> 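What follows is a single structure, and I will ask about it in a moment.
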Amino acid sequence: MVDYWRQGSVAVIAVNNPPVNALSYNVRVGLYNNLDKAANDRDVLAVVICGKGRTFPVGADIHEFGQIPKEPWITDVGRKIESLGKPVIAAIHGTGLGGGLEIALFCHYRIALPNARVGLPEVLIGLLPAGGGAQLLPRLAGIQVAMEMITTGRQLPASEAAKYNIIDKVVSGDIVKEGIEFALRVQNKPFQDKILRYRSPHGKDSLQPITEAVLRKIKMRSRGFYAPVWCVRSIANSVKLPFEEGLAQNRIMFQQMQLSGQAKALQYAFFAERSISKWKLPCGGNFATAVPRKIKTISVIGAGTMGTGITVALLSAGFPVLLVEQNKRFLMKGVQTVQSLLEGGVKRRKFTAEQAKMASSSLTTTVDLQALNSVDLVIEAVFETLSLKEDIFSKLDKICKPEAILCSNTSYLNIDKIAASTRRPDKVVGTHFFSPAHIMRLMENIYGCKTSPETVATVMDLGKRIGKVPVLVGTCPGFCANRMNRPQSEEALFLVEEGAQPEQIDQVLEDFGMPMGPFKVRDLAGGDIGWRSRKDAALHLGLTLSYDLQFFNGERYCSLADKLCELGRFGQKTGSGWYSYDKPGSKQLSIDEDVTKLIQNHRDSLGIKPRKITTQEIQERFLFSGINEGFKILEEGIAARPEDIDIIWLYGFGFPRHYGGPMFYASQIGLKRVYDRICHYHELFPYSSHWMPSKLLQKLSIQEVPIGQWAELHSKL
Ligand SMILES: CC/C=C\C/C=C/C(=O)SCCNC(=O)CCNC(=O)[C@H](O)C(C)(C)COP(=O)(O)OP(=O)(O)OC[C@H]1O[C@@H](n2cnc3c(N)ncnc32)[C@H](O)[C@@H]1OP(=O)(O)O
């Protein structure tokens, strides 16, 4: 796991633990013993530490967390380096992260390739840098830089790291060769002043104002997430305590955090995110055997909000796009939107003006579907009307080359029905982007019963290539994301009907950690879209939406959202919705007395006496209604694993990552408790079928099965 060789007077110690050279127990032993070997070899005058394969060590082995760590620890390896009596050079390529960077900071010198990155990302898995990072970095780069790096986990490119003295020299070529050359230059030269523990942290007199400013930022961006605050304390220890005491304190804090639910959730999310690419289809075919088709040209049909967002996502990843609309006027409007989104990207520094220009020049347009005869892949993003989509897909089937893949950006409709309008159902697949599609990272890919493994592999690969997080699910109304979201939105309305205020519900869920409460989300998305589909659904059943409708199609119904829409209150875009806004399009909101009155009149007309609704009830009814649906989704095999559902929620709805996602959150609360509360609400609200408890949840709750075994156990149940 650790290789050792000598080149003249230089000993090279190379960590060899693929794929990412994590510092597992055996690696730490190997490093420690080989450092001893180099120390005892009188012909060795300098040492280079590096990583074999794709990277320098990226930190501790996360799989080992939760066990009692065996010695030597990273700090023991560090002390050995400091006291070796010979200069030690860290030669960094790939990513030098966490414990890997900590080892490098114990070294006397650090060199790196230009495309290398360094960082202390422990905060992102709910921890702090206890292997020396929080003590050493302030002594090298200063308190301010250490605070920024450690509390955000940001990885710095080598050139930026060099600016802060973290890297002594950026080199190009072969990193080991460069390391040896550097070692030859510094051997026999004094290096005691390079041992960071003997330095005092830069900017230590400003510790208090820096800390206050950082804590203010943390408070704003990470509601209820503890690790950044503990990281601040660990850095403060570098000023307040002698070096070894600081190390000991930080180690104690690390161990406490490691046992916390937040660290467990974040580490679960880390591995969940990596597991989603390992998909398999129920009818056979999986990520390991299916080969994605090469996609060079893509066409997007529909230049509305979704179509233009998808176009920008594709263009910015370097794909040429042929944008299609039904007439020139819509097309022109779409092109303008694409241009302004690209300009927005430049302003947000997502890409340079030059890159935006390049992207823009890769856009072509047409109003003629025939022009799609040579594209490799089509993404349809028109209105959510099945007949319209069926019509487009049947035309596409005739126009596009036989091997072309046809994708629908539907958020709700049955993929099998869309596929049935073509003679190539194996090449039809759902690619559900989230709005704004050029920003939101989730891509919910939906297979139909005839979608081929090759088609799935192609859209999963495409997702990655355009920087999205692609998750594969099966088809059902609303798939995974919208199907789980629906009961939550309904519960939010029912809670208002029963006595809560929209702003109270928003506040409770924002305090929980959601980026926006459900009423702000409704205003942002625009109430008219849902209103139109509710009216269509009613029409379909020969009904009309009436003001005092309390049941619809056998289900409890709340008409408050319809009443707002009747008044033209569609949300931000009209300047009023559940809140009122400064002006149409503005985000500046205030509570609107008219809405409060409308809610009161609604309750009066239905004879509802408002009651006090607690925070606990709001949280439970919002979260547990979605979680119950999540278990049904697992039960039906729509999602293969709880990890798929959780990643959808982390990236599609901004569910707080430190809770791991709704399914992991349920596992932490305890399935028995969640199941009991769902049964309680089912008793209270028998006319909301979303409270009918999931059978899978019931079964798993009897034995409190750990989340890692849900999928396996489900297949046996
Ligand atoms: C008292 C305590 C003292 C010291 C404690 C020290 C603590 C630490 O060091 S905490 C760890 C800090 N490091 C990290 O958090 C790094 C996490 N990894 C990443 O950010 C990325 O994986 C990467 C940037 C290193 C590589 O990204 P990419 O090239 O996109 O590859 P993947 O992410 O798909 O990873 C490939 C493969 O490696 C597994 N893996 C990555 N990091 C770790 C790790 N630290 N421990 C164990 N395994 C790791 C990852 O799961 C992938 O595995 P699969 O291919 O099986 O999915």
Side-chain angles (χ1 to χ4, degrees), residues 1 15 17-28 31-32 51 53-79 92-106 115-137 149-150 152-157 227 230-231 234 237 244 246-259 263-264 266-279 287-288 441 460 464-465 467-470 641 643 647 657:
M1 284 190 149
V15 178
N17 184 22
V20 289
N21 288 325
L23 298 165
S24 321
Y25 167 67
N26 286 333
V27 172
R28 300 196 302 273
L31 277 168
Y32 195 89
R54 63 196 249 201
T55 183
F56 194 79
V58 304
D61 185 339
I62 303 175
H63 294 106
E64 286 183 359
F65 289 164
Q67 304 160 18
I68 296 172
K70 287 195 276 183
E71 292 179 25
W73 298 334
I74 285 169
T75 41
D76 297 324
V77 175
R79 287 188 197 98
I92 303 172
H93 78 296
T95 39
L97 303 177
L101 179 60
E102 289 175 318
I103 286 186
L105 292 172
F106 277 112
N115 59 359
R117 301 177 78 85
V118 294
L120 292 170
E122 285 84 344
V123 68
L124 304 176
I125 48 172
L127 300 171
L128 59 89
Q135 301 295 298
L136 295 165
L137 195 61
M149 276 179 74
I150 293 175
T152 63
R154 184 166 79 90
Q155 294 175 20
L156 271 48
W230 287 60
C231 283
S234 74
N237 284 341
E244 280 296 332
L247 279 187
Q249 268 304 318
N250 288 353
R251 189 174 178 81
I252 292 169
M253 291 205 285
F254 178 92
Q255 273 155 352
Q256 285 175 22
M257 289 171 81
Q258 214 185 357
L259 298 174
K264 286 182 189 152
L266 287 159
Q267 287 159 32
Y268 160 84
F270 176 84
F271 288 116
E273 195 165 340
R274 277 141 190 91
S275 74
I276 51 161
S277 56
K278 295 173 182 138
W279 55 269
F287 75 99
R441 298 216 32 227
M460 294 298 279
K464 273 198 187 154
R465 286 166 69 189
K468 302 287 178 202
V469 178
R641 301 157 295 191
E643 284 86 346
I647 293 301
R657 200 175 169 93

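Indexing begins at 1, ligand by ligand and atom by atom, following the structure's order. Since the structure is predicted, the reported quantities are computational estimates derived from the model, not experimental observations.
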> Strictly less than 4.0 Å: does any protein heavy-atom distance to atom 53 (O) of ligand 1 fall in that range?
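Under the 4.0 Å cut-off, atom 53 (O) of ligand 1 has no protein heavy-atom neighbours at all.
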> Heavy atoms only: give me the nearest L127-F65 pair and the separation to one decimal.
CD1-CE1, 3.4 Å
> If hydrogens are left out, which of V58, T55, I252 has an atom nearest to atom 12 (C) of ligand 1, that is, the closest non-hydrogen atom?
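Looking at heavy atoms only, the winner is V58.
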> Which ligand 1 atoms does F271 reach within 4.0 Å, using its non-hydrogen atoms?
51 (O)
> Give the numbers and elements of all ligand 1 atoms closer than 4.0 Å to a heavy atom of G98.
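So the atoms of ligand 1 that pass are 9 (O), 12 (C).
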> Return the residue, atom name and 0.1 Å-rounded distance of the protein heavy atom closest to atom 50 (C) of ligand 1.
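I find the closest protein heavy atom is R274 CD, 3.7 Å.
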> Taking 4.0 Å as the limit for heavy-atom contacts, which would you say applies to T75 with ligand 1: side chain only, backbone only, both, or neither?
neither
> Can you check side chain to side chain contact (heavy atoms under 4.5 Å, CB included) on V123 and I150, steps first, answer last?
CA-CA 7 Å; V123 68; I150 293 175; 5.9 Å; no
> Check whether N21 reaches the backbone of T55 with its side chain - one donor and one acceptor, N or O, closer than 3.5 Å.
yes
> Kindly compute the distance separating CD1 (I103) from CG (L136), expressed to the nearest 0.5 Å.
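So the CD1 of I103 and the CG of L136 are separated by 11.5 Å.
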> List the steps, then state whether side chain to side chain contact (heavy atoms under 4.5 Å, CB included) holds for R79 with L247.
CA-CA 12 Å; R79 287 188 197 98; L247 279 187; 3.7 Å; yes
> For ligand 1 and P121, I'd like to know whether there is a polar contact (N/O to N/O, distance under 3.5 Å).
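No; the residue has no nitrogen or oxygen that sits under 3.5 Å from a nitrogen or oxygen of the ligand.
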> Tell me the protein heavy atom at minimum distance from atom 1 (C) of ligand 1, and give that distance in Å.
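Looking at atom 1 (C) of ligand 1, the protein heavy atom closest to it is R251 NH1, 2.8 Å.
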> Would you kindly check if the NZ (Lys) or CZ (Arg) of R274 is within the cone defined by 45 degrees around the ring axis of F270 and under 6.0 Å from the six-membered ring centre?
yes
> Using a strict 4.0 Å cut-off to heavy atoms of I74, name the atoms of ligand 1 that fall inside it.
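In order of numbering, the contacting atoms are 4 (C), 6 (C).
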> So which of M257, E122, R251 actually passes side-chain contact (heavy atoms from CB on, under 4.5 Å) with L128?
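Single pass found, and it is M257.
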> Might you check, step by step, whether the distance between atom 23 (C) of ligand 1 and some protein heavy atom is under 4.0 Å?
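No, no protein heavy atom sits under 4.0 Å from atom 23 (C) of ligand 1.
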> Near H63, which atoms of ligand 1 are under 4.0 Å from a heavy atom of that residue?
47 (C), 48 (N)
> I need the nearest protein heavy-atom contact for atom 36 (C) of ligand 1: residue, atom name and distance, please.
R54 NH2, 3.9 Å
> Only one of V118, V58, T95 passes side-chain contact (heavy atoms from CB on, under 4.5 Å) with L101; say which it is.
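Exactly one option meets the side-chain contact (heavy atoms from CB on, under 4.5 Å) with L101, and it is V118.
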> Can you confirm whether something in the protein, heavy atoms only, sits under 4.0 Å from atom 29 (O) of ligand 1?
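Protein heavy atoms within 4.0 Å of atom 29 (O) of ligand 1 - there is at least one.
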> For G99, take its heavy atoms, then give the atoms of ligand 1 lying under 4.0 Å from any of them.
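Answer for ligand 1: 8 (C), 9 (O).
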> Given 3.5 Å as the limit, does a donor-acceptor pair link the side chain of R117 with the main chain of Q155, or not?
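Pair found, side chain donor or acceptor close to backbone of Q155.
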> Looking only at non-hydrogen atoms, find the nearest pair between S234 and A134 and report the distance.
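Smallest interatomic distance, heavy atoms only, reads OG-CB, 3.3 Å.
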> When only distance counts, is E102 in polar contact with ligand 1, meaning an N/O pair under 3.5 Å?
no
> Could you report the tightest heavy-atom contact between R641 and K278, atom names first, then the distance?
NH1-O, 3.2 Å
> How close do L23 and P57 get, heavy atom to heavy atom, and via which atoms?
CD2-CB, 3.8 Å
> Determine whether R657 and E273 make a side-chain contact, defined as any pair of heavy atoms from C-beta on separated by less than 4.5 Å.
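In short, these two side chains touch, coming nearer than 4.5 Å.
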> For ligand 1, is any non-hydrogen atom under 4.0 Å from W73's backbone (N, CA, C, O), its side chain (CB onward), both, or neither?
neither
> Nearest non-hydrogen atom to atom 37 (C) of ligand 1 belongs to which of G119, P19, P57?
P19
> So for L127, does at least one of its heavy atoms come nearer than 4.0 angstrom to any atom of ligand 1?
no
> Could you tell me whether a side-chain N or O of R441 sits under 3.5 Å from a main-chain N or O of G467, the two making a donor and an acceptor?
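Yes, because the side chain of R441 sits within donor-acceptor range (under 3.5 Å) of the backbone of G467.
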> Considering the heavy atoms of D61, write down every atom of ligand 1 situated less than 4.0 Å from one of them.
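So the answer, numbered in order with elements, is 46 (N), 47 (C).
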> Any nitrogen or oxygen of K278, side chain or backbone, less than 3.5 Å from one on ligand 1?
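For ligand 1, there is an N or O atom that lies under 3.5 Å from one belonging to K278.
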> Can you name the closest pair of heavy atoms from I92 and A104 and give their distance?
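It is CD1-CB, 4.1 Å.
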> Which heavy atom of the protein is the closest neighbour of atom 46 (N) of ligand 1, given with residue, atom name and distance?
I62 N, 2.9 Å
> At a 4.0 Å threshold, what atoms of ligand 1 neighbour a non-hydrogen atom of G131?
3 (C), 4 (C)
> Output yes when the distance from some N or O of ligand 1 to some N or O of F65 is under 3.5 Å, and no in every other case.
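No; the residue has no nitrogen or oxygen that sits under 3.5 Å from a nitrogen or oxygen of the ligand.
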> Suppose I only count heavy atoms of F270 and a 4.0 Å limit; which atoms of ligand 1 are within that range?
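Ligand 1 atoms under the 4.0 Å threshold to F270: 17 (C), 18 (N), 19 (C), 22 (O), 41 (C), 42 (N), 51 (O).
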> Considering only non-hydrogen protein atoms, determine which one is nearest to atom 40 (N) of ligand 1 and report residue, atom name and distance to 0.1 Å.
V20 CG2, 3.7 Å
> I need the nearest protein heavy-atom contact for atom 45 (N) of ligand 1: residue, atom name and distance, please.
A60 O, 2.9 Å
